[in-house]
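Read the structure below first, then the notes.
Predicted, not measured: the structure shown is a model, and the values here were computed from it. All chains are named by letter (A, B, ...) in the order of the sequence lines, taking the proteins before the strands, and each is independently numbered beginning at 1.
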Amino acid sequence: MRVEILLFASLRDELGGTCAVEAPESRPGETTVGALREAFLASCPSASRLGKRILVAVNEKFAREDDLVRPGDTVAFLPPVAGG
Amino acid sequence: MRVEILLFASLRDELGGTCAVEAPESRPGETTVGALREAFLASCPSASRLGKRILVAVNEKFAREDDLVRPGDTVAFLPPVAGG
Amino acid sequence: MSGPRVTRSPLDPAVLLGEARRDGDGGLTLFVGVVRDNADGRAVEAMEYEAYEPMAEKEMERIEADLSGRFPAVRLVMRHRIGRLTVGEVAVVVAASGPHREEAFAACRAGIEEIKARVPVWKREWGPDGSVWVDPLQPRPNPGSC
Amino acid sequence: MSGPRVTRSPLDPAVLLGEARRDGDGGLTLFVGVVRDNADGRAVEAMEYEAYEPMAEKEMERIEADLSGRFPAVRLVMRHRIGRLTVGEVAVVVAASGPHREEAFAACRAGIEEIKARVPVWKREWGPDGSVWVDPLQPRPNPGSC
């Protein structure tokens, strides 16, 4: 399953504003945040310095590793936040 | 020893802005904050509701019961403070 | 630092926060005590603040000196207004500016606590039924100011 | 409440504090995060803030909802500015207004902690030698903002 991912800050500087990731499906038309992260890190080695520290947002909310991602969801990979 | 005392807030409302108190001398020309407080409370019964809660300032600093008061010192009796 | 610490003039919290800030500071905190419209369920129309002015001024200076010992990285600017203040008017301001927020918060909080504990200021609460001096130790679950 | 919580426009802390206040409030607290002139001993000329804007806006709203559960008596007004800010410019404001100072301080502190922990905003530090993204977990004893 191919998912387009939004990137921000240092990740966007390195990889551009979006990046398409091909992740294995857990069921047809369905993958998980964890599977997406693994596929992303495998295809973008420069992001591996952040690894598990990358925060994942699905539909503009923070998501956990086993949360599901379906076609049409908005997925973003975020470096550790540093506001304030 | 006769000491003129400045009064503020509720004490001033009840007794006026100043009040003269005759306190026993510990040594000639010298009394204590504690002796002044006792003499004050004895001569102004309406202040007894505050009693030990009256704060005493000598020369614009908070004073303790055994601090000395000499002629020329500026003494003030203060109700519990309530700023802010 | 501009002007006396105990004053009859209106206080401007933003100006005082600006006075506290230096270019090395990243965390600014402010406490503003204002007159509330009620106390203990009684309606409050105004608070009348009185000070033992020369001593209050010195006590504010002594608090600043004490706190700059406890929080050496922080610059504090503190003011207390006196006179008759209506609902929403600013009675006291503590501005604390430091490199980091932890110490700025701690110094600001300590500043208002010290003011309330030590500065010879009193307030008389005015409502529809007349006025009463506020006694901080009387059981008043809901006093009319901060 | 006026305007978006995440904005490119300058923030006015005094206005935001005024928005938070109600006539029953006696204790107002404010946190203002500003750009510092140094970080880790490096000179800082500006900080460039970037947000995942729609999510940051929603996360600010979610923090307000969470904190109004934890501090029901307090009204919070929070803003984060984005874009390029120079030394002394205001990046973040948390205004908290309540009947009493204890809860206003606690809510204000919780507000900035939640913003720093949860809101998708990042900053790039600009100095004489170019720019670097700030990583909050890297050992930086002296970061360039609050």
Kindly indicate whether the side chain of C:Glu102, heavy atoms from C-beta on, has any atom under 4.5 Å from the side chain of D:Arg109.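 A side-chain contact exists here, since the closest heavy-atom pair is under 4.5 Å.
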
Counterpart residues, salt bridge (charged side-chain N to carboxylate O under 4.0 Å, His left out), relative to C:Arg81 (two or more places apart):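 C:Glu89.
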
For D:Phe71, what residues pass the ring pair (Phe, Tyr, Trp, His ring centres under 6.0 Å) criterion, not counting sequence neighbours?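 Once residues adjacent in sequence are excluded, D:Phe71 has no partner under the ring pair (Phe, Tyr, Trp, His ring centres under 6.0 Å) criterion.
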
Less than 4.5 Å to any heavy atom of chain D: does that hold for the side chain of C:Asp23, its backbone, both, or neither?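 For C:Asp23, backbone and side chain are both near chain D.
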
Minimum heavy-atom distance between C:Arg21 and D:Val34, given as atom pair plus value: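 Closest heavy-atom pair between C:Arg21 and D:Val34: CD-CG2, 4.1 Å.
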
Among C:Val90, C:Thr29, C:Val94, residue most engaged with chain D (heavy-atom pairs, under 4.5 Å):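 Most heavy-atom pairs within the cutoff with chain D belong to C:Thr29.
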
Using side chain to side chain contact (heavy atoms under 4.5 Å, CB included) as the criterion, point out the one residue from D:Leu17, D:Val32, D:Leu28 that pairs with C:Leu30.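 One option only clears the test, and that one is D:Leu17.
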
Looking at chain C, which one of D:Gly24, D:Cys108, D:Ala104, D:Gly88 has the largest number of heavy-atom pairs inside 4.5 Å, strictly under?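 The residue among D:Gly24, D:Cys108, D:Ala104, D:Gly88 with the greatest pair count is D:Gly24.
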
